[in-house]
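Quick notes on the structure that follows.
Predicted model only: the values in this text are computed from it and were never measured.
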Amino acid sequence: MRKFSLKDVITLTLIALFFWVIYWVLGPIYTTLTAALTPFGLAPAANDILEGVWVMAGPLAGLLFRVPGSATLVETLASIVEMFIGGQFGAAAVIAGLVQGAGAELGYLATGYKVWNWLSLSLSVIFVTVVTFVREMIFYGYSKYSLGLLITLFIIRLISTFIFSGVINMMIVKMLQRSHVVSN
């Protein structure tokens, strides 16, 4: 099994910084979307609509680097930077980043870190969706919502995560492979 090289650590750090910018931009969008959905009783859906973007870094890092821990490392680094630069979620972002990275990691772990294709990425998407949804149930009170709303929120989160962390991440990896920035 391959280990992190210095080049890997530097590249993972750059990916984390890139995603920090995305997360920083997403904060005000989240606030606006929450306000827009509140009159309809759907404020929690704002988080689930955007969740796929918030968890993109982990599945992407896992697929690109193929090293155990890369998904967790990059999500956690991005959230630490987000916190220190003044992101609206503060230290809670670090806990979220750690949970998101660990959830994404489970998909690659499920294949023994030997399969690096749609299967492992899909497993990563499913695991990160479930793990982050459980986190919301514990930390943000989702457990108090009706079963119908919970199912709706979960489906929204799964679709968002599949589109951003699945489809778009695979497109990014394929583009990087075609340009020979990374190997197949």
Side-chain angles (χ1 to χ4, degrees), residues 16 19-20 22-38 40-63 68-80 82-83 87-111 113 115 118-170 172:
F19 275 97
W20 159 75
I22 291 172
Y23 301 158
W24 182 71
V25 167
L26 218 51
I29 294 170
Y30 164 76
T31 302
T32 303
L33 188 56
T34 301
L37 293 172
T38 296
F40 306 102
L42 295 172
N47 185 51
D48 296 291
I49 290 167
L50 299 173
E51 188 71 20
V53 180
W54 267 313
V55 300
M56 278 180 80
L60 179 63
L63 200 56
S70 58
T72 305
L73 178 63
V74 79
E75 279 285 359
T76 305
L77 284 174
S79 64
I80 289 169
E82 179 185 3
M83 178 190 69
Q88 73 185 53
F89 301 106
V94 178
I95 295 167
L98 186 60
V99 170
Q100 291 163 353
E105 199 78 45
L106 289 172
Y108 301 113
L109 177 65
T111 63
Y113 293 100
V115 178
W118 268 110
L119 172 64
S120 58
L121 183 59
S122 295
L123 288 171
S124 182
V125 163
I126 290 166
F127 277 111
V128 76
T129 300
V130 171
V131 167
T132 58
F133 200 78
V134 169
R135 181 198 69 214
E136 308 297 295
M137 299 229 2
I138 295 167
F139 290 107
Y140 299 112
Y142 273 34
S143 59
K144 293 182 176 38
Y145 298 148
S146 70
L147 182 60
L149 182 57
L150 281 174
I151 291 169
T152 302
L153 294 175
F154 184 82
I155 291 169
I156 291 169
R157 180 178 296 239
L158 183 60
I159 291 168
S160 173
T161 305
F162 177 76
I163 290 168
F164 290 102
S165 294
V167 174
I168 292 175
N169 274 349
M170 186 56 86
I172 291 168

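Once rounded to the nearest 0.5 Å, the distance linking OG1 of Thr132 with CE of Met137 reads 12.0 Å. Rounded to the nearest 0.5 Å, atoms CG (Leu37) and CG (Asn47) are 11.5 Å apart. The CD atom of Gln100 sits 11.5 Å away from the CD1 atom of Ile95 when rounded to the nearest 0.5 Å. Annotation: the span from Ile151 atom CD1 to Ile156 atom CD1 amounts to 12.0 Å, rounded to 0.5 Å. Note that OG of Ser70 and CG of Leu60 are 9.5 Å apart. Values are rounded to the nearest 0.5 Å. One finds the CH2 atom of Trp20 at 13.0 Å from the OG atom of Ser79 (value rounded to the nearest 0.5 Å).
The shortest distance between side-chain heavy atoms of Phe164 and Leu50 does not fall below 4.5 Å. Looking at Ile29 and Thr32, their side chains never come closer than 4.5 Å, going by heavy atoms from C-beta outward.
For the side chain to side chain contact (heavy atoms under 4.5 Å, CB included) with Glu75, the lone residue among Val94, Val55, Leu98 that qualifies is Val55.
In this structure, Phe19 has its ring center no closer than 6.0 Å to that of Trp54.
Across all their heavy atoms, Ala61 and Val74 have their closest contact at CB-CG1, 3.2 Å. Taking every heavy atom of both residues into account, Ser160 and Val53 meet most closely at OG-N, 4.4 Å. Closest heavy-atom contact between Leu77 and Ala16: CB-CB, 3.6 Å. When all heavy atoms of Pro59 and Leu121 are compared, the closest pair comes out as CB-CD1, 3.8 Å.
For Asn169, the side-chain hydrogen bond (donor to acceptor under 3.5 Å, both in side chains) criterion is met by no residue, not counting sequence neighbours. Among residues two or more places apart in sequence or in another chain, the side-chain hydrogen bond (donor to acceptor under 3.5 Å, both in side chains) test is passed with Thr31 by Gln88. Every ring-ring contact (aromatic ring centres under 6.0 Å, His included) that Phe133 has, sequence neighbours left out, goes to Tyr142, Phe154. Applying the side-chain hydrogen bond (donor to acceptor under 3.5 Å, both in side chains) criterion to Thr72, with sequence neighbours excluded, gives Glu105.
Not a single donor-acceptor pair under 3.5 Å links the side chain of Tyr145 to the backbone N or O of Pro44. Between the side chain of Thr38 and the backbone N or O of Ala43 there is no donor-acceptor pair closer than 3.5 Å. Remark: the backbone N or O of Phe162 is not paired with any side-chain donor or acceptor of Ser165 at under 3.5 angstrom.
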Let me check something: any side-chain donor-acceptor pairs from residues 122-130 under 3.5 Å, sequence neighbours excluded? List them with distances.
from	atom 1	to	atom 2	distance (Å)
Ser122	OG	Trp118	O	2.7
Ser124	OG	Ala104	O	2.8
Thr129	OG1	Val125	O	2.7

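Pairs engaging residues 141-163 under the salt bridge (Lys or Arg N to Asp or Glu O under 4.0 Å) rule: Asp48-Arg157, Glu51-Arg157, Glu136-Arg157 [sequence neighbours left out].
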_Criterion side chain to side chain contact (heavy atoms under 4.5 Å, CB included) on Val25 and Ile22, from CA distance to verdict_ = CA-CA 5 Å; Val25 167; Ile22 291 172; 5.9 Å; no
*Does the side chain to side chain contact (heavy atoms under 4.5 Å, CB included) test come out yes or no for Leu42 and Leu149, once each step is laid out?*
CA-CA 9 Å; Leu42 295 172; Leu149 182 57; 4.2 Å; yes
